[in-house]
Amino acid sequence: MSQPQTAITPTRDADFPEWYQQVVKAADLAENSDVRGCMVIKPWGYGIWEAMQRGLDGMFKATGHKNAYFPLFIPLSYMAKEAQHVEGFAKECAVVTHHRLESDGKGGLRPAPSAELAEPLVVRPTSETIIGATYAKWVQSYRDLPILINQWANVVRWEMRPRVFLRTAEFLWQEGHTAHETKAEAVAETEQMLGVYATFARDWLALPVFTGEKSAGERFPGAEQTLCIEAMVQDRKAIQAGTSHFLGQNFAKASGIEFLSRENKKEFAWTTSWGVSTRLIGTVIMAHGDDDGLILPPRIAPAHVVILPIVPKPDMRDSVFAACDALAAQLRATIFAGEPIRVEVDKRDLTGGVKSWEWIKKGVPVRVEIGPRDLEKGTVAFARRDRGHKEKTFPTNAELLASIATTLQEIHDTLLARATTLRDTHTVKIETREDFVKFFTAKDDSKISGGFALAHWDGTAETETEIKEQLKVTIRCIPADAPAEDGPCVWSGKPSKRRVLFAKSY
RNA sequence: CGGGGCGUAGCUUAGCUUGGUAGAGCGCCUGGUUUGGGACCAGGAGGUCGCAGGUUCAAAUCCUGUCGCCCCGACCA
């Protein structure tokens, strides 16, 4: 039977959103559940999340944070404490109103009217309010500050149009919540954590990102300042990969986080919050995947290496399996990026081609085949996911063991270089409204247009809104390293002090 | 919540216009031949056609209602 040219149909060029869905399926990452908008994350997908957690958690600890856990439920009245915040989240909250079920008399169940809660509970869309209320009890003196806490949790936002990993009703994330004595300290914390995210994106996800500040229109509800990292994926759209918010004293005032200062005066604390979510998995898929499926940056791959035993005759099975297990053990004793190499030996009784293609689609960085011919020669067949699927080399076991860590690092570097080239190729300075419109208008059926535009903005919400409505283009961020530069706004022609980053986004 | 589309086996679907009691491909199971890039042969399991009502001798097919899902918008990590 003839196979298609690529493992994934359609290709990225033909239909990028559909390609994405097919990769999620082919790589066995996740599936939609019976609950609309909620996903089942399967072992391979969850393994990626676990690797991301390890990486981030280490970086949080290294910057002085500790993990804790706060309740899933938030009293309704807490949500109302911060005006901007409630306005931003009210429309997408799941609310618990009852605590018992009873028979409906028709063989089904219903919430018992007698068990209605005095105060409804909101399933957390984010935890600023409940954590703020807790911190208020913990803080009395400047000596109680700073509080540097992170929690790994799930949150619920009742999204109208869900998409696996990118936008689901329930998602997994981490949310850091800190409280500080001074504004300067809180601002420094906000910037520090954005830096952590940018480093993590580069060193673990092989993603170059723009860092910067959101415009007022794109800011987190209740924040004074929202910083973000923005990545470009292969359809040249932007995706917000992480955010860090300076919350000023807004939430401290709303929650009553007050302390006696060194001058013996009552003062409100300065707070921050910062988070990344399982959306990062979707970002990695779209940034690095190809028409044969997922390609995983090694540091977040649940398995770095898969070993495929080749067993032409049943009587060779034991010796080939033994050789595979022996090599796996040696690989596991080798260190890559500070962790033992993760190896899987795929002993399932399937034909070689099927197994190979499964692992290609799953994006495992390195595939190793061991058959009887290799046993005789002491070699293996070796293939890397960042190269063509027919490109094989035949190193000896010793050569493989000596080079594997370097190879994995090379794969990471290759992915980062590719993603950087993609981003740089499609990030352009634009001066005129005509060019701006042209840049964001698709030229053919692919629907892929533009990329990132660095252009002058007059700083008004009116201009921002007009651009959003007419072109579906938003200000992704005001880049942190943008130099002061006078010029006319690309839309209104009014004077501008510096360029901002425009793009279509997820 | 507006506009469009669709519900038939685990998945993709044919059949519906013109009613006669369900077929295929993939997947799955068993046996055998295979296995260094998506194998083949033989046999087998699996469906109250989303749900409820109506018309009819007879409904996957026609009618009404209802539920769910998908796509496009508004919202968003």
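The shown structure was predicted, so the numbers you read here are calculated from the model rather than taken from an experiment. Only heavy atoms go into these numbers, but all of them, side chains included; no hydrogens, no water, no symmetry mates.
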Open item on the list: Cation-pi check for A:Trp359 against A:Arg367: NZ or CZ below 6.0 Å from the six-membered ring centre and within 45 degrees of the axis, yes or no?
Closed with: no
- [ ] Give one of base, sugar-phosphate or nothing for A:Leu350, where a contact means two heavy atoms less than 4.0 Å apart.
- [x] base
- [ ] Determine the Euclidean distance between corresponding C1' atoms of B:C62 and B:C69; express it in Å to zero decimal places.
- [x] 24 Å
Open item on the list: Without decimals, in angstroms, what is the distance between A:Glu369 CD and B:G36 C1'?
Closed with: 6 Å
Task: Point-to-point distance, once rounded to the nearest 0.5 Å, from CG of A:Leu166 to OG1 of A:Thr283 - done: 6.5 Å
Task: A:Lys472 vs A:Pro221, nearer the 5' end of RNA chain B by closest nucleotide - done: A:Lys472
TODO: Can you tell me the distance, in whole Å, between the NZ atom of A:Lys355 and the C1' atom of B:G38?
DONE: 14 Å
TODO: Choose from B:C76, B:A39, B:G36 the nucleotide whose nearest atom is closest to any side-chain atom of A:Arg167.
DONE: B:C76
- [ ] Just call it for A:Ile239: base, sugar-phosphate, or nothing, with non-hydrogen atoms closer than 4.0 Å on any strand.
- [x] nothing
Open item on the list: Quick test of your reading of the model: are A:Glu170 and A:Arg157 salt-bridged, counting only N-O distances below 4.0 Å?
Closed with: no
- [ ] Return no unless some side-chain N or O of A:Arg36 is found under 4.0 Å from OP1 or OP2 of B:C70.
- [x] yes
TODO: For A:Glu159, answer base if it contacts any base atom (sugar-phosphate contacts may also be present), sugar-phosphate if it contacts only those atoms, and nothing otherwise; contact means non-hydrogen atoms under 4.0 Å.
DONE: base
TODO: Name the closest nucleotide to the A:Gln21 side chain, picking from B:G36, B:C71, B:A77.
DONE: B:C71
Open item on the list: What contact category does A:Leu280 fall into here, base, sugar-phosphate, or nothing, at under 4.0 angstrom with non-hydrogen atoms?
Closed with: nothing
TODO: Quote, to the nearest angstrom, the P distance that separates B:U56 from B:A22.
DONE: 23 Å
Open item on the list: Ring of A:Phe16, cation from A:Arg236 - is the NZ or CZ under 6.0 Å from the centre and inside 45° of the axis?
Closed with: no
- [ ] Would you indicate what A:Val354 reaches in the nucleic acid, counting non-hydrogen atoms under 4.0 angstrom: base, sugar-phosphate, or nothing?
- [x] sugar-phosphate
- [ ] To the nearest Å, give me how far apart CZ (A:Arg163) and C1' (B:C71) are.
- [x] 12 Å
- [ ] Assign A:Trp357 to base, sugar-phosphate, or nothing according to its heavy-atom contacts below 4.0 angstrom with the strands shown.
- [x] base
TODO: Nearest whole angstrom, please: distance from the P of B:C70 to the OH of A:Tyr20.
DONE: 15 Å
Task: A:Lys313 NZ to B:G36 P, straight-line distance once rounded to whole Å - done: 12 Å
Open item on the list: So that I can tick it off, tell me whether A:Arg12 and A:Asp291 are bridged by a salt bridge, with the cut-off set at under 4.0 angstrom between side-chain N and carboxylate O.
Closed with: yes
- [ ] Using the P atom on both, measure B:G46 against B:C57 and round to a whole Å.
- [x] 34 Å
Open item on the list: With nearest nucleotide decided by heavy atoms, which residue, A:Arg373 or A:Lys25, maps closer to the 5′ end of RNA chain B?
Closed with: A:Lys25
Open item on the list: Between B:G47 and B:U8, how far apart are the two P atoms, rounded to whole Å?
Closed with: 15 Å
- [ ] Would you classify A:Gly371 as touching base, sugar-phosphate or nothing, given that sugar-phosphate means primed atoms plus P, OP1 and OP2, and contacts are heavy atoms under 4.0 Å?
- [x] base
Task: Gap between atoms CZ and P, on A:Arg385 and B:G37 respectively (whole Å) - done: 17 Å
TODO: Quick one: label A:Lys392 by what it contacts on the DNA or RNA (base, sugar-phosphate, nothing), any heavy atom closer than 4.0 Å.
DONE: base
Open item on the list: By nearest atom, which of the nucleotides B:A77, B:U35, B:G37 is closest to the A:Arg367 side chain?
Closed with: B:G37
Open item on the list: Taking any heavy-atom pair under 4.0 Å as a contact, classify A:Thr379: base, sugar-phosphate, or nothing.
Closed with: nothing
Task: G-U wobble or Watson-Crick pairing nucleotide for B:C28 (cut-off 3.5 Å, both distances) - done: B:G44
Open item on the list: If I take atom CG in residue A:Leu166 and atom C1' in nucleotide B:C76, what distance separates them, rounded to the nearest angstrom?
Closed with: 12 Å
Open item on the list: Classify the ring geometry of A:Trp274 against A:Tyr197: parallel below 30°, tilted from 30° to 60°, perpendicular beyond 60°.
Closed with: perpendicular
- [ ] Considering only atom P, compute the distance from B:U66 to B:G10 and round it to an integer number of Å.
- [x] 28 Å
Open item on the list: Taking only the P atom of each, what is the distance from B:G23 to B:G44 in whole angstrom?
Closed with: 15 Å
Task: Residue A:Lys468, side-chain atoms from C-beta onward, closest of B:A77, B:G37, B:C75 - done: B:C75
TODO: Please indicate whether A:Trp152 has more than 12 foreign heavy atoms, meaning atoms of other residues, nucleotides or ligands, lying under 6.0 Å from its CH2.
DONE: yes
- [ ] Inspect the contact between A:Asp325 and A:Lys347 and indicate whether a charged nitrogen and a carboxylate oxygen are less than 4.0 angstrom apart.
- [x] yes
TODO: Examine B:C72: is either OP1 or OP2 under 4.0 Å from a nitrogen or oxygen in the side chain of A:Arg161? Give yes or no.
DONE: yes
TODO: Rounded to the nearest angstrom, tell me the gap between atom CZ in A:Arg348 and atom C1' in B:C28.
DONE: 15 Å
- [ ] Report yes or no: is the ring centroid of A:Phe171 under 5.5 Å from the six-membered base ring centroid of B:A77, with the two planes under 30 degrees?
- [x] yes
TODO: Tell me whether the OP1 or OP2 atom of B:G38 has a side-chain N or O from A:Lys361 closer than 4.0 Å.
DONE: no
Task: Any A:Thr351 side-chain nitrogen or oxygen under 4.0 Å from OP1 or OP2 of B:A39 - done: yes
